[in-house]
Amino acid sequence: MTWETVIGLETHVELCTKTKIFCSCTTEFGGAPNTHCCPVCTGMPGTLPVLNKKVLEFAVKAGLALNGEITRHCKFDRKNYFYPDLPKAYQISQLYLPIARNGRVPIRLESGAEKVVHIHELHMEEDAGKLVHDPWLEETRCDYNRCGVPLIEIVTEPDFRTAEEVIAYLEKLRSILQYLGVSDCKMQEGSLRCDVNLSVRPAGSMELGTRTEMKNLSSFKAIARAIAYEAKRQIELMEEGKSVVQETRRWDENKDATFAMRSKENAQDYRYFPDPDVPPLEISEEYLEQLRREQPEMAEEKMARYQREYGLPPYDTQMLTSQKALAAFFETCLSLGSDPKQTANWIMGQVLGQLSAKGIEAKDMKLTPSTLVTLISMVKGGRLNRNTAVKVFEAVFDDDGDVEGYVKAHGLEQINDPEALTAAVEKVFAANTQSVADFKAGKEKAFGFLVGQVMREMKGKADPQAVNSAVRKKLNAER
Amino acid sequence: MKITEELVDYVAILSRLKPDEEERARITAELEKIVSYMDVLNALDTEGIEPLSHVFPVKNVLREDAVEPSFLREELLKNAPVGDEEAFLVPKAVE
Amino acid sequence: MDMELTRLTALELGAALKKGEASPADAIAAAQERISACQDTNNAFITPASPSPAPIGDGPLAGVPMALKDNICTKGVQTSCASRILGGFIPPYNATIVERLSAAGSVSMGKLNMDEFAMGSTSETSFYGPTRNPWDLSRIPGGSSGGSAAAVAAGEVWYAIGSDTGGSIRQPAAYCGVTGMKPTYGTVSRYGLIAYASSLDQMGPIARSAADCAAVLDIMQGRDPRDGTSLEGHYGGLLPSLTGDVRGLKIGVPADCFGQGLDSEVRKAVLAVAHVLKSRGALVEEFSLPIMEYVVPAYYIIACAEASSNLSRFDGVKYGWRSPKYEDLSGLYARTRTEGFGSEVKRRILLGTFVLSTGYYDAYYKKALQAKAVITKAYDEAFQKYDVLLTPTTPTTAPKLGESLGDPLKMYLSDIYTVPVNLAGLPGISIPCGFDSQGLPIGAQLIGPPLGDGIILNAAHAFQQETEYHKKAPAEKGGVSL
């Protein structure tokens, strides 16, 4: 029998507001335990929540960007459960009237196939604290710094069939949220976390099988591997005639397997009810209109525009828009008068190369557009040859160094003196008669050797184009 | 509405309360009596009536996103029944 | 000093302090003398304080000693909710009203006894022992703000702050022969009030007169950015607006509040209030308010549901008391909560958890919220016709200690006149209006429309200009003997 995997996602995204959702403590990542806290964060009695304006704005922006319907009369509910990471013993969340519903996210797969992922709902909620077990004390430490950090939870319909679709969706979601500026979606800091609901069923069946939930997957790699493992596990169970148990499972990165989690004290009955402390929200048409107007150009729109306006190939536009900060960098370069194609080539080759080698994101790099533009114009103006320019680029990348100064200090300017070139060619040909003979005998390889020797004679500062044609010309003359 | 001891057990687990045998029997009887009385609400026609959670139409009460200093950690921790200089402590709660 | 300070109202004492007829130290000493004389018998305080006298500032109540119910957070002073589970809890913050009162020059004599977590109508469920009624020490003072009412009745403080979720200010005020008011929901910040049922809780004053209550509310009321449910509005003019003029005031008397279950002496005394106000030019009319049978079930479902959630944070992890008898996390929770809460609190937590649990939410909790909508609408309609409603505060006068707790349902039913006022968010005031044949005080309740706090205060003030009931004091107080 062939089996079909059915996957739905619940993605928790941390919003990049300055303060928490219900109090004015900072949301800054890290910090010594319990130093970003106030009596609201630690659930002290008598304290009350007051909603952060930006959280609403960011959630509505996200809802609009995911093509959702915004709930015009929206409320917060309490989700009640006991756990030491939840100081009030309830999480303020939204069940009955979430801020957005019925969204759609189009995704494109490697094969070029397109698919629409349906968003069931998007809601606002507060994050919980962090528990760290201390094996020496045999006690668990509760750190409430993260309590009240604002989250949106985005719940999809069970629309995915493969891990590839899931990753394509998450990449698209991350790009949308980053372009909106509502989240930095840093998986390593937990600002984008995924719960994966997965079931299998015989291919062609319309009924959903029993699902398991895998919690808190925090990298695309982990998600893909957990899906592969869990689908295989469930299919094996079914083929053995056993059944899947509806449960929460934990992905163990090291063991490359999922494990059933001990259920937290029997029943899961969250007793949601409207939070009496948080008055409802009434979303006006004017407010929505204003947020729609503020919506920035998204990656896809930029891609289309780069193709249309600058004649760039689709691959280039995809690379340039893969990070919001990179696209902004590119656009600033162009506004400084740089050529689109050359700029794109430099960004895709050198900038992305350096970012990946240094393991940083575009938004964190120090290099400024004007530095790159200076470098490009020096190449274009014949003052630097391209290979030297790459070396200069690498030297100035880390701290946005002074290109002119570096070139001068290291004497790297290109030599555009035809007489010096002719002299170098003569010298090389005289010293390498064997190679010249080889070329004449049809060994094309010898050409490259001769070019390299001339370049060396010119101390690498000649224009490669000019060296090429001078060598070619000399060989032709000798033939 | 009949309240059973099983239902009381279930509700007690959700509430993290552990009544002993005698209390359990007493509570079951009391809840039965109280809940049966609550059933008078069934006589009230509420067809089409929107549940009212917030009595006054207060809405959109929002705060500016401006950071204020957090509390001193020792102020927050000094009420902890068990804690050290940086955290609240509980028996093992991490899997 | 030949003046008997403890017989003055709060405003009279405030005026005497301003004029230099008494010093702040005299006022504090008089209060302390009364507290030490009464505490052993009535147990009104959980944590008495020894404030130092300060120079008198502005405001009509500057320098006047008062006290706070022990569910109101006070920075640096234990706030226990009269529960074992909050033993040793010392808040690192003040409730907003504590800041406001302190800015107005109030002097706190300490923290007052109450029913545990404000759940109860008797003040017997306190972990610190029951409070007794100064009029008859074998009787309860009412609750849950029993310590607040008893302390004012016994002359230990000139006014006290209580909280009222279903009658917890008005009912003890009635039983203790003092004036107590629950203002419109949202007019007094709840920040720092340890929540029982957040959608119903509201703090207010218990004092010797409606005018004193107006003066205290002028300090307490105001929009607070720390409480999302606090209302915008024009606050602060209640005291100057007390004219006592009730000519043309339309008073509705709901017949449904004077039927079965109401003590005949109480009925007579409360209806006499209508006559007094009529004699000053008010128009009185009987009408029907056919929702009274639903108010107690709706109230207890909503209040207990919210309480079950609000009280979940008391788990022995962050503050308060932790049972020493646990082996693991679930044992820590269950032991701490089972041993830390008293039986009435546990009963309400279980009831509240039940009405919110899967399968019962719609039948109970949702139904109660719909009933609340119906009840609120009935009051809206009544206030289309009337400016003020007059009802009894309680069906009877104060019962004996130990009489009520045995039958929780019966105790819940005795809240029938006060709970709908909380459900509809309305202002309500209880004023002394007579004594029964045993010499126990009777209270009448005046209810106003939303933000009609000034209207009921003025009606109460008018009544108190015509009558002396609010000036009576229990013999034990050393005042007027009955």
Side-chain angles (χ1 to χ4, degrees), chain B residues 1 3 7-8 10-20 23 26-28 30-31 33-56 58-64 71-72 74-83 88-93, chain C residues 88-90 92 185-186 199 225 228-229 231 293-294 296-298 300-301 308 312 315-322 326-335 337-338 341 343 346-347 349-351 353-355 357 363-364 366-374 376 408-409 412 423-425 450:
Chain B
M1 166 83 205
I3 304 285
L7 184 56
V8 169
Y10 174 74
V11 172
I13 286 169
L14 289 178
S15 312
R16 298 298 185 275
L17 292 172
K18 211 166 194 167
D20 61 29
E23 276 179 303
R26 180 178 52 77
I27 289 166
T28 306
E30 281 170 358
L31 287 189
K33 197 171 163 195
I34 295 166
V35 171
S36 301
Y37 170 67
M38 304 294 178
D39 288 334
V40 304
L41 281 185
N42 294 335
L44 181 66
D45 181 11
T46 51
E47 182 70 36
I49 290 173
E50 197 54 36
L52 181 67
S53 45
H54 295 265
V55 71
F56 297 135
V58 178
K59 57 193 186 210
N60 301 345
V61 180
L62 300 164
R63 202 189 79 234
E64 292 300 325
F71 261 54
L72 277 177
E74 66 219 59
E75 288 282 299
L76 297 170
L77 287 171
K78 73 181 177 197
N79 277 294
V82 181
F88 303 90
L89 296 178
V90 294
K92 189 171 172 59
Chain C
F89 171 59
I90 296 173
Y185 183 80
S199 72
T229 59
L231 298 175
E293 59 188 304
Y294 307 116
V296 172
Y300 275 95
I301 290 170
S308 71
S312 291
D315 59 4
V317 175
K318 296 133 306 191
Y319 35 73
W321 181 81
R322 178 190 283 200
Y326 62 89
E327 278 164 7
D328 56 11
L329 182 64
S330 66
L332 160 65
Y333 283 154
R335 285 288 192 164
R337 291 170 58 79
T338 305
F341 290 131
S343 44
K346 285 189 275 195
R347 189 180 295 128
I349 289 174
L350 291 169
L351 181 59
T353 304
F354 165 71
V355 299
S357 64
Y364 292 98
K366 188 176 162 205
K367 184 81 182 175
L369 290 185
Q370 290 173 312
K372 180 182 172 187
V374 173
T376 302
L409 183 56
Y412 298 172
L423 287 172

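- Applying the side-chain hydrogen bond (donor to acceptor under 3.5 Å, both in side chains) criterion to Tyr300(C), with sequence neighbours excluded, gives Asp415(C).
- Heavy-atom distances place the backbone of Leu89(B), and not its side chain, under 4.5 Å from chain C.
- Heavy atoms of Ile3(B) lying under 4.5 Å from chain C belong exclusively to its side chain.
- For the residue pair Phe71(B) and Pro92(C), the shortest heavy atom distance occurs at CE2-O, 3.5 Å.
- The shortest distance between side-chain heavy atoms of Lys346(C) and Pro19(B) does not fall below 4.5 Å.
- Side-chain contact between Val355(C) and Met38(B) is absent, with no heavy-atom pair separated by less than 4.5 Å.
- Within the 3.5 Å criterion, the main-chain N or O of Leu44(B) finds a donor-acceptor partner in the side chain of Lys367(C).
- In terms of heavy atoms, Val61(B) sits closest to Gly228(C) at CG2-O, 3.3 Å.
- Interface remark: of the candidates Lys33(B), Lys78(B), Glu30(B), Arg26(B), Glu30(B) forms the most heavy-atom pairs closer than 4.5 Å to chain C.
- When side chains are defined from C-beta on, Leu31(B) counts as touching Leu351(C), because their heavy atoms get closer than 4.5 Å.
- In this structure, the portion of Ser357(C) lying under 4.5 Å from any heavy atom of chain B is its side chain and not its backbone.
- In plain terms, the two heavy atoms of Tyr326(C) and Pro91(B) that are nearest each other are CE1-CG, 3.5 Å.
- For the set Pro51(B), Ala12(B), Ser53(B), the count of heavy-atom pairs under 4.5 angstrom toward chain C peaks at Pro51(B).
- Counting only heavy atoms from C-beta outward, the side chains of Asp39(B) and Tyr364(C) approach each other to under 4.5 Å.
- Partners of Arg63(B) according to the salt bridge (charged side-chain N to carboxylate O under 4.0 Å, His left out) rule, which considers only residues two or more places apart in sequence or in another chain, do not exist here.
- Using a 4.5 Å cut-off between heavy atoms, Leu423(C) contacts chain B through its backbone alone, with no side-chain atom that close.
- Between Asp315(C) and Arg16(B) there is no side-chain heavy-atom pair separated by less than 4.5 Å.
- Residues Val58(B) and Thr229(C) are not in side-chain contact: their nearest non-hydrogen atoms beyond the backbone lie 4.5 Å or more apart.
- Using modelled atom types, one side-chain atom of Asn79(B) and one backbone atom of Ile90(C) make a donor-acceptor pair closer than 3.5 Å.
- Proximity to chain B (any heavy atom under 4.5 Å) is shown, for Thr353(C), by both the backbone and the side chain.
- Neither the backbone nor the side chain of Pro225(C) comes within contact range of chain B; no heavy atoms are under 4.5 Å apart.
- When atom types are taken as modelled, the side chain of Thr338(C) and the backbone of Lys18(B) share a donor-acceptor pair closer than 3.5 angstrom.
- Residue with the most contacts toward chain B among Ile301(C), Leu369(C), Val296(C): Leu369(C) (heavy-atom pairs, distance under 4.5 Å).
- Leu41(B) touches chain C through backbone and side chain together, each having a heavy atom under 4.5 Å away.
- In terms of heavy atoms, Arg322(C) sits closest to Pro81(B) at CB-CB, 3.7 Å.
- Between Ala373(C) and Ile49(B) the shortest heavy-atom distance is CB-CG2, 3.7 Å.
- The two residues Gln370(C) and Thr46(B) come nearest to each other via the heavy atoms OE1-OG1, 3.2 Å.
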